[in-house]
K.L.:
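Sharing a structure, written as structure tokens. Questions coming.
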Amino acid sequence: VLDLCCGHGAGTAALLAAGAEVAGLDFSPAMLRQARSRAPAADLRDGDAQSMPFSDATFDAVVCGFGIMHIPDQPKALSEVHRVLRPGGNFVMTSWCGPDSSPAFRIAFGSIQAHADPATSLPDAPDFHLFADSSSAQTLLSDAGFSNIHSRTIDCFFELDEPEGLWHIFSRGTVRAKMLIDAQPPSNREAIRRAMVQAVLAEFGDGPKLRVPAPAKLVTAQT
């Protein structure tokens, strides 16, 4: 099994524990250091998902947990996934649902939209929630050569110890949201933080544990 965009290796370790022979690929040396500590038995490599360092038909399965949305050329990455899979191999990926169905993303990006400095912006990037749309996922995977494509929603959530927890997740543990927050003047950044905390309190109470739904799509396909 290839754990694509393996990050800090939590999924890699779970695959090893399930008895799989596992390789992992990520472009971040910092993430790979964590993954090697967490999953020392895996074959972990620094590399590009758009040009993988593996031969054709190497793997029985490829998994990608919340990684494809960060790749600039998603069709190229999917064609690489198809290339390294054996005939009849399985591809499984997850993608966060967007603000229209995710309270976590609605609160975060609604607060950013309401309080961000309009002069701040980020470079263009692929649609972060593209694969949460079943029709788009079907088209992209079919174009890459996959068949037997299915999508279903899984009920994920963030469990918070405090109302500020969602702010910490998006301001510290994300990519583009963090970049957009970091680009704000201090007063705008504080307004975004305050709006997120108030929204969490209003919708989910004040503890001791707060569950903020963040549903995801689970997409499966075969070569």
Side-chain angles (χ1 to χ4, degrees), residues 1-29 31-32 34-36 38-98 101-102 125-156 175 214-223:
V1 178
L2 171 63
D3 187 3
L4 181 61
C5 307
C6 63
H8 48 55
T12 316
L15 288 164
L16 287 168
E21 181 181 349
V22 187
L25 186 72
D26 204 281
F27 77 100
S28 167
M31 284 290 195
L32 285 169
Q34 293 189 47
R36 290 188 176 107
R38 187 175 268 118
D43 174 15
L44 296 170
R45 303 191 193 186
D46 185 341
D48 183 355
Q50 299 161 130
S51 182
M52 295 189 206
F54 303 109
S55 300
D56 296 357
T58 297
F59 299 102
D60 298 302
V62 175
V63 301
C64 188
F66 303 107
I68 291 289
M69 68 277 287
H70 295 294
I71 298 171
D73 191 339
Q74 295 167 344
K76 175 61 176 171
L78 292 176
S79 74
E80 278 291 275
V81 171
H82 192 276
R83 179 185 66 80
V84 301
L85 276 169
R86 294 170 181 149
N90 294 298
F91 176 49
V92 183
M93 62 165 285
T94 47
S95 175
W96 294 116
C97 294
S101 59
S102 172
D127 181 350
F128 189 74
H129 302 289
L130 182 63
F131 287 88
D133 178 74
S134 298
S135 177
S136 297
Q138 178 80 31
T139 297
L140 286 162
L141 286 160
S142 179
D143 287 350
F146 288 95
S147 60
N148 199 22
I149 302 160
H150 299 283
S151 298
R152 67 179 178 91
T153 302
I154 50 177
D155 293 325
C156 304
V175 181
K217 279 295 177 100
L218 176 69
V219 183
T220 62
Q222 289 184 312
T223 52

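All values below were derived from every heavy atom in this structure, side-chain atoms included, with hydrogens, water molecules and symmetry-related copies excluded.
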K.L.:
Look at the side chain of Arg38 and the backbone N and O of Ala13, then say whether any donor-acceptor pair between them is shorter than 3.5 Å.
P.N.:
no

K.L.:
Is the shortest side-chain heavy-atom distance between Lys217 and Thr94 below 4.5 Å?
P.N.:
no

K.L.:
List the atom of Asp46, the atom of Leu32, and the distance in Å for their closest heavy-atom pair.
P.N.:
CA-CD1, 3.5 Å

K.L.:
Answer yes or no: is there a donor N or O on one side and an acceptor on the other, between the side chain of Arg45 and the main chain of Ala23, under 3.5 Å?
P.N.:
no

K.L.:
What I'd like to find out is whether the side chain of Phe131 reaches to under 4.5 Å of the side chain of Leu78, using heavy atoms alone.
P.N.:
yes

K.L.:
If you define the side chain from C-beta out and look only at heavy atoms, does anything of Cys6 sit under 4.5 Å from Leu25?
P.N.:
no

K.L.:
With a 4.5 Å limit on heavy-atom distance, are the side chains of Phe59 and Leu4 in contact?
P.N.:
no

K.L.:
Are any side-chain N or O atoms of Thr223 and backbone N or O atoms of Gly89, one a donor and one an acceptor, separated by less than 3.5 Å?
P.N.:
yes

K.L.:
Sequence neighbours left out, what pairs pass side chain to side chain donor-acceptor pair (under 3.5 Å) with at least one residue falling in residues 73-82?
P.N.:
Glu80-Arg83

K.L.:
Quick check: closest heavy atoms across Met31 and His8, and the distance to 0.1 Å?
P.N.:
SD-N, 3.6 Å

K.L.:
In Å and rounded to the nearest 0.5 Å, what is the CD to NE2 distance from Gln138 to His150?
P.N.:
8.5 Å

K.L.:
Specify the closest pair of heavy atoms between Gly7 and Ala35, including all atoms of both residues, with the distance to one decimal.
P.N.:
O-CB, 3.5 Å

K.L.:
Using side-chain heavy atoms (C-beta onward) and a distance below 4.5 Å, is Ile68 in contact with Ser95?
P.N.:
no

K.L.:
Strictly by modelled atom types, are His129 and Asp127 linked by a side-chain donor-acceptor pair under 3.5 Å?
P.N.:
no

K.L.:
Would you say Ile71 and Cys5 make side-chain contact, with heavy atoms under 4.5 Å?
P.N.:
yes

K.L.:
For Leu85 and Phe146, run side-chain contact (heavy atoms from CB on, under 4.5 Å): C-alpha distance rounded to whole Å, both residues' side-chain angles, the deciding distance at 0.1 Å, then the answer.
P.N.:
CA-CA 11 Å; Leu85 276 169; Phe146 288 95; 3.9 Å; yes

K.L.:
Within a strict 4.5 Å, meaning less than it, do heavy atoms of the Leu2 and Met52 side chains meet?
P.N.:
yes

K.L.:
Nearest 0.5 Å please: distance from the OG atom of Ser147 over to the CG atom of Leu141.
P.N.:
10.0 Å

K.L.:
Considering non-hydrogen atoms only, spot the tightest contact between Cys97 and Ala132 and give its length.
P.N.:
CA-CB, 3.8 Å

K.L.:
Are the side chains of Thr220 and Asn90 in contact, using a 4.5 Å heavy-atom criterion?
P.N.:
no

K.L.:
Counting distance only, does the side-chain N/O of Asp3 pair as donor-acceptor with the main-chain N or O of Thr12 below 3.5 Å?
P.N.:
yes

K.L.:
Which heavy atom of Ser101 sits nearest a heavy atom of Pro215, and at what distance?
P.N.:
O-CG, 3.3 Å

K.L.:
Got a sec, which residues hit ring pair (Phe, Tyr, Trp, His ring centres under 6.0 Å) with His70, two or more places apart in sequence or on another chain?
P.N.:
Phe128

K.L.:
Roughly how far apart are Asn148 CG and Ser142 OG, rounded to 0.5 Å?
P.N.:
12.0 Å

K.L.:
Counting N and O atoms only, with roles assigned by atom type, does the side chain of Thr58 sit under 3.5 Å from a partner on the main chain of Ser55, one being a donor and the other an acceptor?
P.N.:
yes

K.L.:
For Asp60, check salt bridge (Lys or Arg N to Asp or Glu O under 4.0 Å) against everything at least two apart and list the hits.
P.N.:
Arg86

